[in-house]
J.: 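Got a structure for you, questions after.
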Amino acid sequence: MKKNRGIIRSITSKVWLISILFLFLLVLLGFSFPNYLFQLQTRERLLKIKDYTEYKLNVVEQVRPEFKKRFSFNGIDYYYDGIEEVNIMYGSTKTTFENVLMREYLSLDDFLMKATNENDSEEETVYAYRDRPSKDVIFYIIKKKNANEVILRMNDKDSQDETKEETQQE
C-alpha cells in the first residue's frame with residue numbers, strides 16, 4: 001500500500017510539473033503571437049505604399065551615446081553614433097531604417113536626397129538631415145568613400161546652440 005502511495009505521489013508531482021510547463025509555454029506563446037501579427041500587418045501595409053520617398057523620420061537618441069555597428073547591407077556597414085534607432089513612418093505605419101533598406105523600399109541614395117550636402121572631401125561626404133519646419137539638424141550622415149561605411153551621428157545640441165550664439169553675436 002505504501003509503495004502505491006509513493007508511485008501515485010511521484011506521478012502526481014510529474015503531472016503538476018508538466019502542467020506548469022505547458023501553462024508557461026501557453027503564456028509565452030500568448031505574448032509572442034501579437035508581436036508576430038503586428039510584424040505581418042506592418043509588412044502588408046508597407047507593400048501597399050505607392051511612394052516610398054514620402055515619409056517622416058523619428059530618431060531616438062541614446063541615453064549614453066556610443067558608437068556601434070548596427071547592420072550591413074550591400075557591402076556597406078552602417079554605424080550609429082549616439083542614435084538608438086531611426087524610425088521611418090509612412091502615415092501610421094512605422095518601421096526601422098534598417099528594414100526599409102533591407103527590403104529595398106528605399107536606397108541609401110533615395111534617403112540622402114532629403115539631406116543636404118554639408119562637406120565633401122576625398123575621404124568622406126557629410127550630409128545633414130534637417131527637421132524641415134525648423135531647419136535644425138537632427139543628425140549627420142557620414143558616407144566614407146574608401147571604407148564602404150555609413151555613419152549616422154546624432155547632432156550635438158550643445159555645439160549647435162554655441163554656433164547659433166556665435167552667429168547672433170556677430
Side-chain angles (χ1 to χ4, degrees), residues 25 27-164 167:
L25 181 64
V27 169
L28 188 63
L29 285 173
F31 282 123
S32 64
F33 190 66
N35 187 33
Y36 172 73
L37 290 177
F38 178 72
Q39 289 175 353
L40 281 177
Q41 181 185 33
T42 301
R43 207 173 308 149
E44 290 296 320
R45 284 181 169 183
L46 287 172
L47 289 173
K48 293 180 182 178
I49 293 173
K50 292 180 175 107
D51 185 12
Y52 290 104
T53 58
E54 292 299 318
Y55 59 86
K56 291 183 181 178
L57 199 69
N58 178 23
V59 179
V60 179
E61 190 173 353
Q62 287 179 332
V63 176
R64 293 188 179 121
E66 66 177 323
F67 181 82
K68 63 182 176 180
K69 182 178 177 181
R70 292 301 292 216
F71 63 97
S72 294
F73 179 66
N74 283 347
I76 299 174
D77 296 328
Y78 291 86
Y79 295 88
Y80 288 180
D81 187 9
I83 296 175
E84 186 65 35
E85 64 182 32
V86 178
N87 294 312
I88 295 179
M89 294 173 288
Y90 296 102
S92 64
T93 305
K94 179 173 143 181
T95 188
T96 62
F97 174 64
E98 177 182 358
N99 190 27
V100 168
L101 286 179
M102 296 280 196
R103 298 199 183 273
E104 297 180 351
Y105 298 132
L106 283 177
S107 67
L108 179 61
D109 293 332
D110 292 336
F111 188 71
L112 292 175
M113 275 203 244
K114 288 195 173 188
T116 56
N117 189 335
E118 295 285 310
N119 186 10
D120 197 4
S121 67
E122 290 181 16
E123 299 89 32
E124 65 187 21
T125 305
V126 179
Y127 299 90
Y129 202 97
R130 299 181 187 280
D131 188 17
R132 295 298 174 207
S134 66
K135 303 288 186 193
D136 291 336
V137 175
I138 301 173
F139 64 94
Y140 292 100
I141 305 163
I142 303 165
K143 187 176 179 183
K144 302 278 185 177
K145 293 184 179 175
N146 297 331
N148 289 333
E149 294 178 352
V150 173
I151 302 168
L152 280 71
R153 179 173 292 149
M154 195 67 194
N155 182 27
D156 186 14
K157 301 222 186 296
D158 296 331
S159 67
Q160 183 182 14
D161 292 339
E162 290 172 9
T163 307
K164 284 181 180 178
T167 310

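Note that the structure is a prediction, hence the values are computed from the model and not measured. Side chains are part of it too, since the values below use all heavy atoms of this structure and drop only hydrogens, waters and symmetry mates.
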J.: Among all residues two or more places apart in sequence or in another chain, which pass the side chain to side chain donor-acceptor pair (under 3.5 Å) test with Lys145?
T.: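 Counting only residues at least two positions away or on another chain, Lys145 forms a side chain to side chain donor-acceptor pair (under 3.5 Å) with Asp120.
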J.: Under 4.5 Å between any side-chain heavy atoms of Glu104 and Tyr52, yes or no?
T.: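 They are not in contact (no side-chain heavy atoms under 4.5 Å apart), so the answer is no.
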J.: Less than 4.5 Å apart, any side-chain heavy atom of Phe111 and any of Leu57?
T.: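 Of all side-chain heavy-atom pairs linking Leu57 with Phe111, at least one is under 4.5 Å.
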J.: Shortest non-hydrogen contact from Gly75 to Asn148?
T.: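 Distance-wise, the nearest heavy atoms are O-CB, 3.4 Å.
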J.: Search all heavy atoms of Ala115 against all heavy atoms of Ile141 and return the closest pair with its distance.
T.: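 In this case the closest contact between Ala115 and Ile141 is CB-CD1, 4.4 Å.
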J.: In Å, rounded to the nearest 0.5 Å, how long is the span from CG of Leu106 to OH of Tyr55?
T.: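 Answer for the CG-OH pair, Leu106 versus Tyr55, is 6.0 Å.
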J.: So how far is it from Leu152 CG to Ile138 CD1, rounded to the nearest 0.5 Å?
T.: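 Leu152 atom CG to Ile138 atom CD1 measures 11.5 Å (nearest 0.5 Å).
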J.: Would you list the atom pairs, donor with acceptor, under 3.5 Å between side chains in residues 81-89 and any protein atom, with sequence neighbours excluded?
T.:
unit_1 : atom_1 : unit_2 : atom_2 : d
Asp81  : OD2    : Arg153 : NE     : 2.8
Glu85  : OE2    : Asn87  : ND2    : 2.9

J.: A side-chain contact here means heavy atoms from C-beta on lying under 4.5 Å apart; do Thr116 and Glu118 qualify?
T.: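 With C-beta onward as the side chain, the pair touches.
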J.: For Phe139, enumerate each residue passing the ring-ring contact (aromatic ring centres under 6.0 Å, His included) test, keeping only those at least two apart in sequence or located in another chain.
T.: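 Result, ring-ring contact (aromatic ring centres under 6.0 Å, His included) vs Phe139: Tyr129.
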J.: Where do Asp77 and Ser72 come nearest, in terms of heavy atoms and distance?
T.: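 In this case the closest contact between Asp77 and Ser72 is OD1-OG, 2.5 Å.
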J.: Rounded to the nearest 0.5 Å, what separation is found between the CD1 atom of Ile142 and the CD atom of Glu124?
T.: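 One gets 5.5 Å once the value is rounded to the nearest 0.5 Å.
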J.: State the NZ-OH distance between Lys143 and Tyr127, to the nearest 0.5 angstrom.
T.: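 If we round to the nearest 0.5 Å, Lys143:NZ and Tyr127:OH are 5.5 Å apart.
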J.: Are more than 12 heavy atoms from other residues, nucleotides or ligands located less than 6.0 Å from atom NZ of Lys48?
T.: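 Result for NZ/Lys48: open.
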J.: When rounded to the nearest 0.5 angstrom, what is the spacing between OH in Tyr90 and OG1 in Thr95?
T.: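 Result: 8.5 Å between the selected atoms.
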J.: How long is the straight-line distance from CZ of Arg103 back to CG of Leu46, given to the nearest 0.5 Å?
T.: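 If we round to the nearest 0.5 Å, Leu46:CG and Arg103:CZ are 8.0 Å apart.
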J.: Should the ring pair Phe71 and Tyr78 be called parallel, tilted or perpendicular, given that the plane angle runs from 0 to 90° and is split at 30 and 60?
T.: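 Rings of Phe71 and Tyr78: parallel, as their planes differ by under 30°.
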